[in-house]
Amino acid sequence: MNLVQIDEVAQSIIKQAGERIKASLHTQMTITEKSSPSDLVTNIDMETEQFFVSQVNQHFPTHRLLGEEGFGDTITDWDGYVWIVDPIDGTTNFINQQRNFCITVGIYKEGIGELGYIYQVMTGEMISATKGQGAFQNGKQLPKLATTQFEDSLIGVNASWVAPNRHIDHTKVAELVKRVRGTRSYGSAALEISYVVTGRLDAYFSMRLSAWDVAGGMVIAEEVGAICGTLGGGPFDLLKNQPFIIANPALFDEIITYYLTPQTT
Ligand code: 2AM
Ligand code: CA
């Protein structure tokens, strides 16, 4: 199968998964704590990931799958095709708001992102990209990001990073908050990334994200000229849980070098 065909099947699987999630909103769900009281998973997250595993096995028996809930494969190398799947990004929003959550998928070949998707289930907005072929919003090509400046920008930031924390100097983040036009916090990394690639936000960062939160978004980002990385500006490592920053190219370097400095105390 070529990339166009894989893209078609992937979009169909994602939309079917979205329909299943919407149907589940009428049922009683089971909520379980993972690493902390704010880190939750529901039976719907798990069932959706299992749906991806069975669909990918059926359509692409040689492809592997890395999923947040662990129903896919154990990935320690990037040989061949790997689907990186977050069945529900923004689980807390799913539970408390029944909106503002996404399905996000990155399809990587030999460690290079070839296809990326962020599907906002309740609005039906599908942001997709094929490496080298551009990014699309419900099939319509997205333009490259226009240049901007801090004073005109909106930044996606969770209040945790403006309070003392063990990752970054929060006083610098407070300076950034005061310099920009405004800040927003949506509670779903993939949703915020989809807002940066469409120009609704100009940057977003979070200190502990994993491959499934960002893999699809990174493919889309490259196609519109948004820059992604970790603290210090190096590439985000998909095998680690680590800081992630995405920004308009006009803002990225200064955010990295001045506003997001690792905590030293
Ligand atoms: P999730 O909903 O798929 O867990 C919330 O601020 C954002 O951070 C969400 O995109 C959430 O993804 C992500 N996140 C990643 N790891 C997390 C963790 N350990 N606890 C809470 N949110 C986490
Ligand atoms: Ca998730």
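Each ligand, and each atom within it, is numbered from 1 in the order the structure gives. Not measured: the values here are computed from a predicted model.
Taking the Ca ion (ligand 2) as reference, the nearest N/O/S atom within Glu68 carries the name OE1. Considering just the N/O/S atoms of Asp86, the one nearest the Ca ion (ligand 2) carries the name OD1.
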Using a 3.5 Å cut-off and no angle test, enumerate the donor-acceptor pairs between side-chain atoms of residues 68-76 and protein atoms at least two apart in sequence or in another chain.
residue : atom : partner : partner atom : Å
Glu68   : OE2  : Lys34   : NZ           : 3.3
Glu69   : OE1  : Lys34   : NZ           : 3.1
Asp73   : OD2  : Leu65   : N            : 2.8

What do the steps show when you test Val219 against Glu114 for side-chain contact (heavy atoms from CB on, under 4.5 Å), and what is the final call?
CA-CA 7 Å; Val219 180; Glu114 296 215 322; over 6 Å; no
Under the criterion side-chain hydrogen bond (donor to acceptor under 3.5 Å, both in side chains), I'd like the reasoning laid out for Asn241 against Ser210: C-alpha separation, chi angles, the key distance, then a yes or no.
CA-CA 5 Å; Asn241 178 293; Ser210 299; 3.0 Å; yes
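The existence of a salt bridge linking Arg208 and Asp39 is excluded, since no basic side-chain nitrogen approaches an acidic carboxylate oxygen closer than 4.0 Å. Under a 4.0 Å N-O distance rule, the pair Glu222/Lys144 does not qualify as a salt bridge. Of the charged side-chain nitrogens involved, none lies within less than 4.0 Å of a carboxylate oxygen, so that Arg20 and Glu47 do not count as a salt-bridged pair.
Metal site remark for the Ca ion (ligand 2): Val41 contributes no N, O or S atom at a distance under 3.0 Å.
Between Asp45 and Thr91, the side chains place a donor N or O and an acceptor N or O closer than 3.5 Å (distance only, hydrogens not considered).
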Between ligand 1 and the protein, which N/O pairs fall short of 3.5 Å?
residue  : atom   : partner : partner atom : Å
ligand 1 : 2 (O)  : Gly90   : N            : 2.7
ligand 1 : 2 (O)  : Thr91   : N            : 2.9
ligand 1 : 3 (O)  : Glu68   : OE1          : 3.1
ligand 1 : 3 (O)  : Asp86   : OD2          : 3.0
ligand 1 : 3 (O)  : Ile88   : O            : 3.3
ligand 1 : 3 (O)  : Asp89   : OD1          : 3.3
ligand 1 : 10 (O) : Asp89   : OD1          : 2.9
ligand 1 : 10 (O) : Asp89   : OD2          : 3.1
ligand 1 : 10 (O) : Ala189  : N            : 2.8
ligand 1 : 12 (O) : Asp89   : OD1          : 3.1

